[in-house]
Structure formats: C-alpha cells, structure tokens
Amino acid sequence: MRLSQFHLATVKEVPADAEIASHRLMLRAGMIRKLASGLYTWSPLGLRVLRKVENIVREEMDRAGAIEMLMPSVQPKELWEETGRWEKFGGQLLKIKDRKGQEFCYGPTHEEVVTDFARNELKSYKQLPVNFYQIQTKFRDEIRPRFGVMRAREFLMKDAYSFHLSQDSLAETYAAMYQAYVRIFTRLGLTFRAVQADTGAIGGNASHEFQVLADSGEDAIAFSDGSDYAANLEKAEALAPATERPAPAAALQRVDTPTQKTIGDIAGFLKVSPRQCVKTLLVRGRDGLVALCLRGDHEVNEVKAGKLAELPGESVLASEEEILAATGTRPGFIGPVGLSASIPVIVDRDAAALADFVCGGNADRTHCTGANWERDARITRVADLRNVVEGDLSPDGKGTLHIARGIEVGHVFQLGTKYAEALGATVVDETGTPQVMTMGCYGIGVSRIVAAAIEQRHDEAGILWPEAMAPWRVAVCVINPKNSPAVGAAGEALYQALLQRGVEAVLDDRGLRAGSMFADMELIGIPHRVVVSERGLAAGTLEYRAREESENRPLSQDELFALLG
RNA sequence: CGGGGUAUAGCUCAGUCUGGUAGAGCGUUGCGUUUGGGACGCAAAAGUCGGGGGUUCGAAUCCCUCUACCCCGACCA
C-alpha cells in the first residue's frame, strides 16, 4: 500500500474522557471514530487490523473442524419467546418493531437462531457431531458502554455452536475448541491465560474463559505459582484453613459502638485486626432471611453465595426494613450472636476457624467481643463464601494464588440441552428414537481483541502491534524524495522488492517531513521501519529500526530480507 | 435506574459566574522559506454557540424544556 493512496487519519488530540490507553490510541491512530454511544466506525486502518484477527480466528476454527455460516443479526421475538429469553435477557436486548408492528431484537447472541437452524437441518445421528460458527456483528444494549470498542454496544464476535448426542462427543469438541483458542491467542502474540469460569445459571459441566492479561482489565483472575491452575475470581475456590479453630479463651462481652458500623471502623475503634472480626450479611433466602458470615478482611463471593441451597439461586441483600424486622437492628450491627433461630447462619470456612472474635451485637450501637462459635453463636453450615485473595493456597494444593487483571476475549462453554430442549431440536439415534441434542458454545470477541492487544502492548509513542495483528509489517519511509530522485527511486524499488518477497509493506510516499512520518508509523504501531535517504544511499545501507527498539541498525538489503524472513 | 457534568469552527477546548461586535491551539486552503523526530512566516476560509420556548433594548452567557454525550454509583453493613 502506498500511503498517498490510503486514508491515514492520525490526530494529535483526543477527548478528555477517553480514559484507557487502547481507547486513546485507537482514536489517535485513526482506527475508529465514534458514531454514538457504544457505536464505532472502523476506518480503513482499523479494519486492516480487525481483519487480521478475524482471519486468524477463521483459519483456526476451520482447522479445528468448525463450519462457517452466517445468521441474521435481526431475530424474531417468537424464537426468543420459545426459550423464555425475550423477557429474561433483560435490558441488554435491543427490541425493535418493523412496519407491521412485528417485534424483533438485534441479536446479542445466536443460540436461538442456530438451534432453530439445527432443528430444521439435523435429523439423524449420522449428521453429528457438527460445529457451526460465524463471525458477525452483535448488539448488546450495555448499561454503560465505555473504553471504546472494549465495551461497545455493537461489536464483532466469532460464535460457534456444536451439536452432539453424547456428553463424550461434546467433551471432545470442547477440548478441540479449547486447543483452537490456545492456538489463536498464541498466534496473535498475546499474553493470556485460560481460566476456569463459573457456568452460571445455565449449569453444564465445564467453562473456560480466555483472558488477556492487562492491568486495565475489568476481570480479576486467580492463578497458582505452583501449577497451571487458573480461575476467574468468581470461580476460584477458597480452601479451608489448615489450622483448627482454637478453644475459646475470652468471655463474651458487649461493647458500646455508637457510630462504628463498618469493619474498618470497628477494627480501628477496638484496636483489633479486621481478621479477628466477623461480618454478617443478611440475604434473601428461599424461606426468610439467611445470614452469611465472613472474616472482616474477606469479601463475599456472590456467585458462590447464590449457589447455596438456602438461597433462591441468586444472592440479594436484604433491605434495611427486612433487616430491622428480622433482627431489631440496622445494618452495621448485625452479628451471629443471639440471632433469631429462624435465620440459618452460613459461615465461611475462614470465619468458622476464628475464636474470640468481634461481631455485631444485634442491637443498635452494640458489638460483641470475645465471641465464639458453638458457645455463643450457632453455625448452621460451613461453606466457601468468599473471594480468594493474594497468597491463598491453590485449590489443587500446589503453590499459592496470585491475583491478576484480565480482559475476557474468549469463552468456551458446555451448554447441555437447555436450548435444544426448549426449541425441540432432536435427531434420531441408531434405534430410530428421537434424542434431544447436547450443545456447546464458543465465543471470541474479535473487536475486543484489538483493544486488548493495545492495552497489553503500547508505549509513549503509540501502539506496538504483535506482527500478526499489525496493519502492515514494514514501513518504508522515504526522506526528501523531491530533492533527490535517486532516493525516491530507491524507496520505490525497495517497496517493490518487499512486495515481491511477500512481505506486507507500506510505502510512506506522502512527502512529509521525517519527524511526522516517524511519529505516524510509531503511533500506528508498524513493527519494522526502514528509512531510505540520501545519507543511507551514500553509505550503501538501509536504516532499520524495530518498533520496540530505540536504536537504528544499518542493514544491507539482503540483511533486511533475512531479518524479515 | 439514582446522582453529577458537558454540548461553542473539521478536531481539542477557552469564553458563561458578572448579558453588550465569536476566541485560541491543532487541522484545512494559498504563497514563500524550509526539509532526519510532529518546521516557520504571511494570507485565507471556516460557527444557527445542541434543539425549542421564555426574560431583556440586547442572550453563547439568565430561566424553563427537550435531546445527545460523558463520569460516578447500583447495595460487600
């Protein structure tokens, strides 16, 4: 590509509210322009990068045996009513009406459509297993779109759906997809982790997220330094402490705590560690309120809590009125000591190992010290209720856990029969008996990957693309060709030679000053730069610089070709 | 959904409190000088001050209203 024939539109200034590096740099490089909240136009430059990602994803999906297709982005309400998701999906579902008043949604995902396709197309076990995928635009009406294409409302996604008659077959395809994802993110040149993920309300047996590691990531992930264990924070199990609960040593006392409501207040006021306090959360159970007790320095894990048999499937905190009615006091003073017998007390493993602890006194302005389980407070059940923290033992017993931030760019999921059941997607087995198919689904956020890569790889000057994602591999910058026809010709010749060797090159023939060219090529992250100048011509060398290096290297043309492979 | 903020030239923003001829930087166009890290000079084009309504002799500025966009929060006692 000759830049004089391209639309490169870098800018120096960027809105003050573009907060994260990838958003700022994508705007500055002119890769994207905002059309409306959460909606972005991909410029020719941005699209080149997006296509690089898309093509790698496509190649690896094909290699793994998936079959590409394309489904509509607009989907009829009736289909979504069959699975109950027209109502259940919530505000993220963008609903639209056609001129006849028929209702549709702009597809946030395609389980309904692909399962409808499958129930019409797939009739026999001989057609299974099969794995359909598409690369397509999705729309989710996010509560708060932000960070540019990182959390946009419209985005490009690869989604695959596999159909099986047996769990074994599903597990096989799942493993193949997992391996394909490893290949994809490795080829893209990203630092990533595959982490165990919660399967959520859908159930199923296995789910992994693929997280690109970056400090600005919205997700927290836990990984072991002694094994390959990695899980997102929602899923990571907190093991029971190794030491047994000490015997009670202190007597139960009530203390006046007029204004101290938070663990921080209490610990400071009583001069104890938050680790020696128990915090009590009242949540709505299936049958009245349920108390959850955790150590003061720990945080409740709502996913784990939601799975408790006593809860209705989700963890919702009780209102102040409900708490007042059930305990006679307000949030801030609740505790397990003397709590109404009708409230189950579910205690986190670490909180259960405390003795002589501090907790709310179930009366306004009152806390207890020297409290002990069994002697002063009931334990209905001990469970893992908390988020793991840095330094916890790894659940597999090997090493300790560390917490990192990640950007979720892929998710593989064993769905089971939920959608096939709802939509009646069956095939006949060897005996001629109809069987509901079992499904897997596998997503990759194609547009998000572009932003995630920038988060991971950028510097003051701009983007540092991995070679596989760069809009071009090499930039040929020609200095002052107008004053020296020989320089212009040499630049042109080098550009042609690179193209002939199959090296994706861009010729900066815009006639700009050197500084402007360099700044642009660095901003848009071209991995290799070659300068053709009178100086170099005289010396018989090309001036090469890698994007991630700060020094030039004089190279012959052969050396350059060797370096670029 | 709750709270807060913003909307002025193609872009990024001053100006609004205290009403009185519409501003800067960048970008764009032309001419000239330059030419190895975002050059300089001169000249020029460019705004229905988000929309609507009101107050006033007079509104970017004050009031009402609508719209769009952004930020924080949505319960961890």
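This one's a predicted model, so the numbers in the text were calculated from it and none came from an experiment. So that the names make sense, note that chain A is the first sequence line, chain B the second, and so on, each numbered from 1.
- The nearest whole Å value for the distance from the CZ atom in A:R33 to the C1' atom in B:rU12 is 12 Å.
- Applying the ring pair (Phe, Tyr, Trp, His ring centres under 6.0 Å) test to pairs two or more places apart or on separate chains, none has a residue in residues 259-302 of chain A.
- A donor-acceptor pair is defined here as one N or O able to donate and one able to accept, closer than 3.5 Å; no such pair exists between the side chain of A:R245 and the backbone of A:W373.
- Near RNA chain B, meaning a heavy atom under 4.0 Å away, there are no residues from residues 352-375 of chain A.
- Listed by residue number, the members of residues 276-303 of chain A with any heavy atom below 4.0 angstrom from RNA chain B are A:K279, A:T280, A:L281, A:L282, A:E299, A:V300, A:E302.
- Between the CE atom of A:M517 and the P atom of B:rA39 there is a distance of 11 Å, given to the nearest Å.
- The gap from the P atom of B:rG52 to that of B:rU67 amounts to 15 Å, rounded to the nearest Å.
- A distance-only check finds a donor-acceptor pair linking the side chain of A:Q211 to the backbone of A:E408 [under 3.5 Å].
- The same atom, C1', is picked in B:rU29 and in B:rA9; the two are 15 Å apart, to the nearest Å.
- Between the CD atom of A:E322 and the P atom of B:rA77 there is a distance of 18 Å, rounded to whole Å.
- Taking atom P on both B:rA24 and B:rA44, the two are 12 Å apart, rounded to the nearest angstrom.
- The distance from atom CG of A:N387 to atom C1' of B:rC76 is 9 Å, rounded to the nearest whole Å.
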Grab the N/O contacts between the protein and nucleotides 66-71 of chain B below 3.5 Å, and write none if there aren't any.
unit_1: B:rC69; atom_1: OP1; unit_2: A:S37; atom_2: N; d: 3.3
unit_1: B:rC69; atom_1: O3'; unit_2: A:K34; atom_2: NZ; d: 3.1
unit_1: B:rC70; atom_1: OP1; unit_2: A:S37; atom_2: OG; d: 3.4
unit_1: B:rC70; atom_1: OP2; unit_2: A:S37; atom_2: OG; d: 2.8

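- Without hydrogens or angle criteria, A:R378 side chain to A:I343 main chain gives a donor-acceptor distance under 3.5 Å.
- Between the side chain of A:N372 and the backbone N or O of A:R375 there is no donor-acceptor pair closer than 3.5 Å.
- An OP1 or OP2 oxygen of B:rA39 is reached within less than 4.0 angstrom by a side-chain nitrogen or oxygen of A:R513.
- Near-neighbour residues of RNA chain B inside residues 481-495 of chain A, defined by a heavy atom below 4.0 Å, are absent.
- In this structure, CZ of A:R510 is placed 15 Å from P of B:rG38, rounded to the nearest angstrom.
- Annotation: side chain of A:M157 is in contact with side chain of A:R140 (closest heavy-atom distance under 4.5 Å).
- Neither side chain, A:T329 nor A:T327, offers a donor N or O lying under 3.5 Å from an acceptor on the other.
- Within 4.0 Å of A:R28, counting heavy atoms only, lies at least one base atom of the nucleic acid.
- Side-chain contact check for A:S447 versus A:Y40: every heavy-atom pair is 4.5 Å or farther apart.
- Without hydrogens or angle criteria, A:E390 side chain to A:I403 main chain gives a donor-acceptor distance under 3.5 Å.
- With a cut-off of 3.5 Å on both Watson-Crick or G-U wobble distances, the partner of B:rA39 is given as B:rU33.
- Between the CG atom of A:D348 and the P atom of B:rC76 there is a distance of 18 Å, rounded to whole Å.
- Proximity of a side-chain donor or acceptor of A:K95 to a complementary backbone N or O of A:W86 within less than 3.5 Å is detected.
- Relative to the six-membered ring of A:F518, A:R529 meets both conditions, a distance below 6.0 Å and an angle of at most 45° to the axis.
- Across all strands shown, the partner of B:rC1 is B:rG73, judged by Watson-Crick or G-U wobble contacts whose two distances both fall under 3.5 Å.
- If you take atom P in B:rU6 and the same atom in B:rC62, they sit 11 Å apart, rounded to whole Å.
- Separating the C1' atom of B:rA60 from that of B:rA43 is a span of 29 Å, rounded to the nearest Å.
- Distance alone, capped at 3.5 Å, is enough to place a donor-acceptor pair between the A:D348 side chain and the A:L385 backbone.
- Here the separation of B:rG47 from B:rC1, taken at their C1' atoms, is 37 Å to the nearest Å.
- B:rU16 and B:rC63 have their C1' atoms separated by 14 Å, with the value rounded to a whole Å.
- Counted within 6.0 Å of CD on A:Q253, heavy atoms from surrounding residues, nucleotides or ligands total 12 or fewer; the atom is thus considered open.
- Atom CG of A:L512 is separated from atom P of B:rG27 by 11 Å (rounded to the nearest Å).
- Between A:W80 and A:F89, the angle of the ring planes goes over 60°, which puts this pair in the perpendicular group of the 30/60° scheme.
- Looking only at distances, no side-chain donor or acceptor of A:R24 sits under 3.5 Å from a matching main-chain atom of A:V14.
- Counting any heavy atom pair closer than 4.0 Å across all strands shown, A:L317 reaches a base atom.
- The nucleotide B:rU21 finds no pairing partner, because no Watson-Crick or G-U wobble arrangement with both distances shorter than 3.5 Å includes it.
- Within the 4.0 angstrom heavy-atom criterion, only backbone atoms of the sugar-phosphate kind lie near A:A514; the bases stay farther away.
- The listed nucleotides are B:rG37, B:rA77, B:rC13; the one nearest the side chain of A:F518 is B:rG37.
- Comparing B:rA7 with B:rC13, their C1' atoms are spaced 12 Å from each other, to the whole Å.
- Checked by atom type and distance alone, the side chain of A:T366 pairs as donor or acceptor with a backbone atom of A:D364 at under 3.5 Å.
- Comparing A:A318 and A:V14 against RNA chain B, the residue whose closest nucleotide sits nearer the 5' end is A:V14.
- The residues A:E504 and A:R48 are annotated as salt-bridged, a charged nitrogen and a carboxylate oxygen being separated by less than 4.0 angstrom.
- B:rU6 and B:rA68 make up a base pair, with Watson-Crick or G-U wobble contacts both under 3.5 Å.
- Using a 4.0 Å heavy-atom cutoff across all strands shown, A:R545 reaches at least one base atom of the nucleic acid.
- For residues 1-13 of chain A, proximity to RNA chain B is found at A:K12, A:E13, defined as any non-hydrogen atom under 4.0 angstrom from a strand atom.
- Classification of A:R405 and A:D215 as a salt-bridged pair fails, no side-chain N sitting under 4.0 Å from a carboxylate O.
- One atom, CD1 of A:I323, and another, P of B:rC75, lie 14 Å apart when rounded to the nearest Å.
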Open item on the list: Does A:R284 form a salt bridge (charged side-chain N to carboxylate O under 4.0 Å, His left out) with A:E322? I'd like the steps, not just the answer.
Closed with: CA-CA 9 Å; A:R284 293 176 185 157; A:E322 290 170 289; 3.0 Å; yes
